[in-house]
Amino acid sequence: MKRVAKMVAAAMAVSAMGVATGAYAQEYPGSKPVTAVVPFAAGGPTDKVSRELTMIMSKHLGATIVIENLGGAGGTIGAKKVVQAKNDGHTVLIHHIGMSTAPALYRNLGFDPLKDFEMVGEIADVPMVLVGNKSLPPNTFKDLVPYIKANASKLSLANAGIGSASHLCGLLFQSAIQTELTTVPYKGTAPALTDILGGQVNLMCDQTTNIAGQLKAGALKPYAAMQSRRVEAFKDIPTAAEQGLPGVEVKIWHAMYAPKGTPKPVIDKLSAALQKSVADPAFRAKMAELGAEAVPAQRATPDSLRTFLGAEINKWTPVIKKAGVYAD
Ligand code: ASP
């Protein structure tokens, strides 16, 4: 009898939990804002994608989404904060390709991108361009490569920390030209760009979302698009492959995650709002203007992101292991 009572009590508890989650999910997002942690500095490329997205997504979700910039360690500090956040749908993470490279770069990462998060969906793909300070003598990528080889000890390459997109692109570039430069890490490429423009550092691989304005104004020397085809918004910048260096290709994808255990109905609401946002003409136009591309709505889903993140981890882990670079 006692056993039956215990079983009934357990069944009631489970169903009460279901009711609580169901009621919570129904009311979500409610009046409380959602915090989107962006693991890089304000004003940079990841921040720009995030601000454009959250402005539109707030409307589709029916809640204010506020951004919290938490830069450092290539995005891993911000990601860790979200792992530890309350899983009630009021904290999300917007991160980029670094989510797939961190497990190989950090031996003591402290979280598993696939297991410690709920996937919401992908957001946008952003190309990278290798740029330099205006006073650098070479005008073309073809001239830049021998110039770097001859002056490597005097030249510096900025990045947004180990595990950032700029770091990854820089790694591929240095490995392709078989020359190492002095690398200078920042908390994001926004502060790095200030120093490139000021001449304190010489070169950087950056996302077009950060440098579109400077490229249009001719404030930087653009050397090469680091992808297989020219960037639609910057057709005059040749690719590295066109200029004799094939294989240096990095597409910076961005996605949204929530802490593990965020209730599925809440994730569904977040993902539905994300799908509407990436299909929103205003968001698509803004991304195109910055040289980026909003993903099609079917990629802004948990399943698609899970498969894609897994494939990206499998793609980058051997590349990074082969390069023998570690952040810790
Ligand atoms: N996403 C940039 C990078 O990884 C950093 C940033 O957003 O500032 O290079």
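Both counts, for ligands and for their atoms, begin at 1 and track the order of listing. We number each residue from 1, following the sequence as shown.
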So if you build clusters from Ile, Leu, Val, Met, Phe, Trp, Tyr with side-chain heavy-atom gaps below 4.5 Å, do Met99 and Ile320 land together?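 Yes.
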Using the rule given for side-chain contact (heavy atoms from CB on, under 4.5 Å), can you reason through Leu70 versus Val38, listing the C-alpha separation, both sets of side-chain angles and the distance that settles it, and then say yes or no? CA-CA 6 Å; Leu70 193 56; Val38 172; over 6 Å; no
May I ask you to check if ligand 1 and [X] share an N or O to N or O distance below 3.5 Å?
X	value
Thr189	yes
Ala165	yes
Lys187	no
Asp47	no

side-chain contact (heavy atoms from CB on, under 4.5 Å), that's the test. Do His96 and Phe40 meet it? Break it down for me. CA-CA 10 Å; His96 63 21; Phe40 292 103; 3.3 Å; yes
All side chain to side chain contact (heavy atoms under 4.5 Å, CB included) counterparts of Asp116, not counting sequence neighbours: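 So Asp116 forms a side chain to side chain contact (heavy atoms under 4.5 Å, CB included) with Val83, Phe111, Asp112.
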Could you check whether Asp195 and Tyr186, counting side-chain N and O atoms only, form a donor-acceptor pair closer than 3.5 Å?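 Asp195 and Tyr186 do have a side-chain donor-acceptor pair below 3.5 Å.
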Whether the Thr301 and Asp303 side chains hold a donor-acceptor pair (N or O, under 3.5 Å, no angle test) is what I'd like checked.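 Per modelled atom types, Thr301 and Asp303 side chains form no pair under 3.5 Å.
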Roughly how far apart are Arg284 CZ and Ser277 OG, rounded to 0.5 Å?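 If I round to the nearest 0.5 Å, the distance is 11.5 Å.
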Run the numbers for me: atoms of ligand 1, each under 4.0 Å from some heavy atom of [X], listed by number.
X	result
Gln207	1 (N), 2 (C), 3 (C), 4 (O), 9 (O)
Ala160	3 (C), 5 (C), 9 (O)
Pro45	1 (N), 2 (C), 6 (C), 7 (O), 8 (O)
Ser166	3 (C), 4 (O), 9 (O)

Of the side chain and backbone of His96, name the one, both, or neither that has a heavy atom under 4.0 Å from an atom of ligand 1.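 The answer is the side chain.
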Name the closest protein heavy atom to atom 7 (O) of ligand 1, giving the residue it belongs to and the distance to 0.1 Å.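 For atom 7 (O) of ligand 1, the nearest protein heavy atom is Thr46 OG1, 2.8 Å.
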